[in-house]
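Notes follow once the structure below has been shown.
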Amino acid sequence: MFKVKVYVTLRESVLDPQGKAVTHSLQSLNYPEVSDVRIGKYMELTVEKSERDLDEVIKEICSKLLANPVIEDYRYEVEEVVPQ
């Protein structure tokens with residue numbers, strides 16, 4: 001069994017209005033050292049071992065459902081876990 005941590009972020013070329021709003025709010029709250037915020041998504045998947053290649057499965061899941069490949073990038077980390 002595997003735990004897969006998926007991080008989805010907007011591509012650098014895509015404007016992030018939510019990130020800009022958070023940046024502005026932080027600066028208004030007297031955090032001038034924060035110059036930029038980019039908002040993303042974090043997901044954890046528990047994936048059972050199968051005959052299919054795990055990397056192939058995760059890439060399919062990310063590109064078909066978890067991330068919009070037109071405006072978002074993703075990366076993931078895999079760790080093997082022992083079922084309890």
Side-chain angles (χ1 to χ4, degrees):
M1 184 179 318
F2 301 96
K3 180 191 284 187
V4 181
K5 299 175 182 181
V6 180
Y7 304 87
V8 178
T9 55
L10 287 172
R11 292 186 174 195
E12 284 296 321
S13 61
V14 175
L15 240 126
D16 184 359
Q18 188 178 8
K20 292 295 178 200
V22 171
T23 301
H24 178 72
S25 295
L26 288 170
Q27 290 175 347
S28 295
L29 291 169
N30 201 28
Y31 295 101
E33 55 272 291
V34 178
S35 61
D36 192 35
V37 175
R38 302 282 293 175
I39 303 293
K41 299 179 278 190
Y42 169 76
M43 292 151 274
E44 285 187 5
L45 289 67
T46 302
V47 182
E48 301 289 335
K49 288 185 181 183
S50 74
E51 297 295 317
R52 295 182 65 189
D53 178 64
L54 180 64
D55 285 321
E56 181 181 307
V57 170
I58 299 306
K59 287 176 184 177
E60 284 179 20
I61 289 170
C62 289
S63 64
K64 288 182 178 180
L65 180 66
L66 301 182
N68 178 343
V70 175
I71 62 169
E72 294 176 317
D73 291 321
Y74 66 87
R75 66 180 176 85
Y76 60 92
E77 301 169 359
V78 177
E79 69 181 61
E80 193 162 1
V81 294
V82 178
Q84 297 189 20

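No hydrogens, no waters, no symmetry mates; every other heavy atom, side chains included, goes into these values. These numbers come from a predicted model, not from an experiment.
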| task | Give the minimum heavy-atom separation between Arg38 and Leu15, together with the two atoms involved. | result | NH1-C, 4.4 Å
| said: Using a 6.0 Å cut-off, check whether atom CD of Gln18 has over 12 heavy atoms from anything other than its own residue. | reply: no
| task | To the nearest 0.5 Å, tell me how far Leu10 CG sits from Lys41 NZ. | result | 8.5 Å
| query | Do Val14 and Val70 belong to the same hydrophobic cluster, where Ile, Leu, Val, Met, Phe, Trp and Tyr are linked whenever their side-chain heavy atoms lie under 4.5 Å apart, directly or via other members? | reply | yes
| note | Heavy atoms of Thr23 and Ser35 approach each other most closely as CG2-O, 3.7 Å
| query | Of all heavy-atom pairs between Val8 and Met43, which one has the smallest distance, and what is that distance? | reply | CG2-CE, 3.5 Å
| request: Provide the closest heavy-atom pair for Gln27 versus Val34 in the form atom of the first, atom of the second, distance. | output: NE2-O, 2.7 Å
| task | Using the side chain to side chain contact (heavy atoms under 4.5 Å, CB included) rule, pick out the option among Glu80, Glu44, Glu77 that qualifies with Lys3. | result | Glu44
| Considering only heavy atoms from C-beta outward, does the side chain of Asp36 approach that of Lys20 to under 4.5 Å? | yes
| said: Membership question, hydrophobic clusters at under 4.5 Å side-chain separation (ILVMFWY): are Ile39 and Tyr42 in the same one? | reply: no
| Set of side-chain hydrogen bond (donor to acceptor under 3.5 Å, both in side chains) partners for Glu48, sequence neighbours left out | none
| message | I'd like to know if Leu65 and Tyr7 are part of one continuous hydrophobic network [Ile/Leu/Val/Met/Phe/Trp/Tyr, side-chain heavy atoms within less than 4.5 Å]. | response | no
| query | Taking C-beta and beyond as the side chain, do Tyr74 and Leu66 meet within less than 4.5 Å on heavy atoms? | reply | no
| field | Nearest heavy atoms of Pro69 and Ser63, plus distance in Å | value | CD-O, 3.8 Å
| Quick one: do Leu45 and Val81 end up in the same hydrophobic cluster if we chain Ile, Leu, Val, Met, Phe, Trp and Tyr together by side-chain heavy atoms under 4.5 Å apart? | no
| Between the side chain of Thr9 and the main-chain N/O of Gly40, is any donor-acceptor distance below 3.5 Å? | no
| Heavy-atom side-chain proximity of Asp73 to Arg11 below 4.5 angstrom | yes
| query | Any side-chain heavy-atom pair from Tyr76 and Asp55 closer than 4.5 angstrom? | reply | yes
